[in-house]
Amino acid sequence: MVNTTIKTTKSQEIFAAAQNLMPGGVNSPVRAFKSVGGQPIVFDHVKGAYIWDVDGNQYIDYVGTWGPAICGHAHPEVIAALHEALEKGTSFGAPCVLENVLAEMVIDAVPSIEMVRFVNSGTEACMAVLRLMRAFTGREKIIKFEGCYHGHADMFLVKAGSGVATLGLPDSPGVPKSVTSSTLTAPFNDLEAVKALFEENRDQIAGVILEPVVGNAGFIPPDTGFLEGLRELTQEHGALLVFDEVMTGFRIAYGGAQEKFGITPDLTTLGKVIGGGLPVGAYGGRQDIMSMVAPAGPMYQAGTLSGNPLAMTAGIKTLELLQKAGTYEYLEQMTKKLANGLLQIAQETGHPACSDSISAMFGLFFTAGPVHNYEDAKKSDLAKFARFHRGMLEHGIYLAPSQFEAGFTSFAHTEEDIDRTLEAAKDVMSQL
Ligand code: HOZ
């Protein structure tokens, strides 16, 4: 048994004070621990695969600041590059050469991207890509999938994943019906449902947007043929295919899920990893479509901090680090060991479960599965997941505080970290 009861007095005090300062004490809902119970841990600092809370407890981290930390937290080369960039100032609000460098790296890496626009978050990227889909096709309706999350813009808050799924919220108040009436939904991995929507809405659908590997309803990979089918259907109906690779970009493979599965969408959104831990998003794709974006074309989208030199620097250095030979092989093998280990322990301790991973992304559901979509994911025993989460925390393992979020590893995680995690899981699951 490893490091059991932890003292979190300072975390509790700080979070209690935060309750009166920020809604729910947080600046993003999932981190409030609502669905797993207990109080969130307040962090003090991060390094490599580890985080330390304000009470001095150390945890092995599988949240990785929700995806960006694929090189491990505060990688010395990223920090050094940032120090250097900092000396030149924090924001220009004007063109800088760093934007060209990161743009070239993204264009070289991501098969669908011929031209890119940097923004400040994944939400912003998805919001803009939707406007672009509509501007380019002259159509209004879009298809998204149940449990997929594309940020918190109005038109995507329909059967959304992430915090909406975690908190079991209805489609959000404040979102006008007129806005979401053009958002059609289908179950993930259900090509027939998509086909039916195209038939019912002939010549009205601008495009289909999806997380090619779902991370916001827990971890759900695409079934064989699903992405191919979507590519064919969208082409057949003159609609655009958009991969939201905010989570999967540079994580599932250097060129994202589109490289991994060999399916090239028309447009792609990115975020997380490309900012190396600073706030960045991006959208990009075919040159003829991207040329519609202002000032090249009429579709308006702008941002004061877009292309920010610090964010570009962290992104460039992170992608450089990811280019080192063997990185993705290591991530794949180590994360597989974790996912397989968790599944084996669940089986040995008598818990129906399913677990899977691709590269540096993984998931564990407390249901026998298989999990093909959000409805399947909801069959997971959420109360058991909450107890598992708390137990793991007490053993010094920090997992996403929601059954409906994927887990993330980094190349800073060692075999020993994985072994320690599995040892903790064995202990916790045998007592669940
Ligand atoms: N929506 C993100 C997770 N899928 C961010 C959660 C957070 O930062 O709290």
Side-chain angles (χ1 to χ4, degrees), residues 11 14-15 18-19 21-43 46 51 53 59 61-70 73 119-127 144-154 156-169 171-172 188 209-220 243-252 257 269-281 360-365 374 377 385 389 393 398-410:
S11 263
I14 294 169
F15 188 63
Q19 301 278 351
L21 304 171
M22 293 162 285
V26 290
N27 284 306
S28 192
V30 186
R31 57 183 82 163
F33 274 42
K34 285 255 185 216
S35 71
V36 291
Q39 299 252 334
I41 302 298
V42 177
F43 292 168
V46 291
I51 51 175
D53 69 18
Y59 308 82
D61 179 25
Y62 291 103
V63 179
T65 185
W66 300 98
I70 195 166
H73 292 289
V119 292
N120 302 289
S121 69
T123 287
E124 226 186 287
C126 291
M127 212 163 76
K144 79 172 277 287
F145 293 91
E146 294 162 13
C148 277
Y149 180 72
H150 307 291
H152 59 80
D154 281 358
F156 289 123
L157 287 184
V158 184
K159 297 188 179 166
S162 191
V164 182
T166 301
L167 300 174
L169 298 175
D171 294 343
S172 179
F188 193 75
I209 184 166
L210 73 153
E211 300 176 70
V213 175
V214 183
N216 282 293
F219 176 82
I220 311 177
F243 279 6
D244 175 348
E245 298 231 41
V246 169
M247 270 191 187
T248 53
F250 295 90
R251 177 167 284 280
I252 287 289
T269 56
L270 295 167
K272 300 193 190 276
V273 169
I274 55 155
L278 273 83
V280 180
M361 198 169 163
F362 70 96
L364 167 76
F365 290 109
Y374 182 41
F385 176 80
H389 183 272
L393 200 62
Y398 190 77
L399 299 170
S402 164
Q403 176 68 99
F404 301 115
E405 296 283 353
F408 298 119
T409 51
S410 74

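None of these values were measured; they are calculated from a predicted model. As the structure lists them, so they are numbered: ligands from 1, and atoms in each ligand from 1. One is the number of the first residue; the rest follow in order along the sequence. Hydrogens, waters and symmetry mates are skipped; everything else that's a heavy atom, side chains included, is used.
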Reported CE-to-OG1 distance for the pair Met361 and Thr248, which is rounded to 0.5 angstrom: 6.5 Å
Are Phe404 and Tyr374, when compared by the centres of their aromatic rings, separated by less than 6.0 Å? yes
Side-chain heavy-atom pair Thr65, Phe408 within 4.5 angstrom cut-off: no
Restricting to non-hydrogen atoms, name the atom on Asp244 and the atom on Tyr149 that form the minimum distance, rounded to 0.1 Å. OD2-O, 3.4 Å
Who's the nearest protein heavy-atom neighbour of atom 9 (O) of ligand 1, and how far? Arg31 NE, 2.9 Å
Would you say Ser162 touches ligand 1, if touching means a heavy atom closer than 4.0 Å? yes
Could you go through Phe250 and Ile70, starting from their C-alpha distance and side-chain angles, then the distance that decides it, and tell me whether this counts as side chain to side chain contact (heavy atoms under 4.5 Å, CB included)? CA-CA 9 Å; Phe250 295 90; Ile70 195 166; 5.9 Å; no
Which of the numbered atoms in ligand 1 are under 4.0 angstrom from any heavy atom belonging to Glu405? 3 (C), 4 (N)
Working to the nearest 0.5 Å, report the span between CZ of Phe188 and CD of Glu211. 7.5 Å
Numbering the atoms of ligand 1 from 1, which are under 4.0 Å from a heavy atom of Asn216? 4 (N)
Show the atoms of ligand 1 that are less than 4.0 angstrom away from any heavy atom in Ser28. 6 (C), 7 (C), 8 (O), 9 (O)
Met247: numbered ligand 1 atoms lying under 4.0 Å from its heavy atoms: 4 (N)
Which atoms of ligand 1 sit under 4.0 Å from any heavy atom of Tyr149? 1 (N)
